Amino acid sequence: DQQVKQNSPSLSVQEGRISILNCDYTNSMFDYFLWYKKYPAEGPTFLISISSIKDKNEDGRFTVFLNKSAKHLSLHIVPSQPGDSAVYFCAASLQGAQKLVFGQGTRLTINP
Amino acid sequence: EPEVTQTPSHQVTQMGQEVILRCVPISNHLYFYWYRQILGQKVEFLVSFYNNEISEKSEIFDDQFSVERPDGSNFTLKIRSTKLEDSAMYFCASSILTGTNEKLFFGSGTQLSVL
């Protein structure tokens, strides 16, 4: 089951620069997408989401872009801070369904 | 901020034994979920629960698994006869609503090790 894919297992970015995390999906019926952040020994924490009727959603330093034709979404963090170092999960849901389908996660490391 | 609480944080058991993982969802939430993450793999949906019954479950959630809301605050996952491949981090989650545009709040997880 590879409906949601995060092809980069890890990413290293300099503090202050932009971090871009990518996510691809195969099921065109997904209509809601979320990004979760996870620190070690903690559960995933909701970060930002986007509905399929939009192509961009912004919340402070975090922006999610959705390209439906390419079945691709990305999370931009700018400027990146050391506290952003975590594993980031992309997730998607189908209208009417109750489950989230997660990607494999990308470990982001922000270097001072 | 209200949070989902899970106990225990770690559980070690022998293969074939029963385990019960416990969760206290956020108090005004109506939908409850169990997910799991095997080491190095994706977070996977197991089951959702609403109005005292299972509303959706995955292929993973076979007859060895059951969920219960024994009182007004706890939500439990029982594995009847654990297998080695049940070793994983189990996350409980809850939400006020379900479906489109609703985010889940996750607990910190219970690390289950089956020996």
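Side chains are part of it too, since the values below use all heavy atoms of this structure and drop only hydrogens, waters and symmetry mates. Please read all numbers here as calculations on a predicted model, not as lab measurements. Quick note on labels: first sequence line is chain A, next is B, and so on, each numbered from 1.
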Relative to chain A, which segment of [X] carries a heavy atom at a distance below 4.5 Å: side chain, backbone, both, or neither?
| X | answer |
| --- | --- |
| L46(B) | neither |
| Q37(B) | side chain |
| Y35(B) | side chain |

Using atom types as modelled, flag every donor-acceptor pair under 3.5 Å from a side chain in residues 2-26 of chain B to any protein atom, sequence neighbours excluded.
residue	atom	partner	partner atom	Å
Q6(B)	OE1	C92(B)	N	2.9
Q6(B)	OE1	G109(B)	N	3.0
Q6(B)	NE2	Y90(B)	O	2.9

Quiz item: Top residue by heavy-atom pair count (under 4.5 Å) with chain B, among L100(A), L34(A), T45(A)?
Solution: L100(A)
Quiz item: What orientation do F49(B) and F32(B) show, parallel under 30°, tilted 30 to 60°, or perpendicular over 60°?
Solution: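 Tilted, since the angle between the ring planes falls between 30° and 60°.
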Quiz item: Is the number of heavy atoms from other residues, nucleotides or ligands within 6.0 Å of CG (L115(B)) greater than 12?
Solution: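 Enclosed.
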Quiz item: Just wondering, are more than 12 heavy atoms of other shown residues or ligands nearer than 6.0 Å to CG in N28(B)?
Solution: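 Atom CG in N28(B) is packed in, count exceeds 12.
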Quiz item: Considering only heavy atoms, which portion of Y39(A) lies under 4.5 Å from any heavy atom of chain B: side chain, backbone, both, or neither?
Solution: neither
Practice problem: Measure the shortest side-chain to side-chain distance between D24(A) and K71(A) over non-hydrogen atoms and say whether it is less than 4.5 angstrom. | Solution: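 The answer is no, as the side chains (C-beta and beyond) never meet within the 4.5 Å cut-off.
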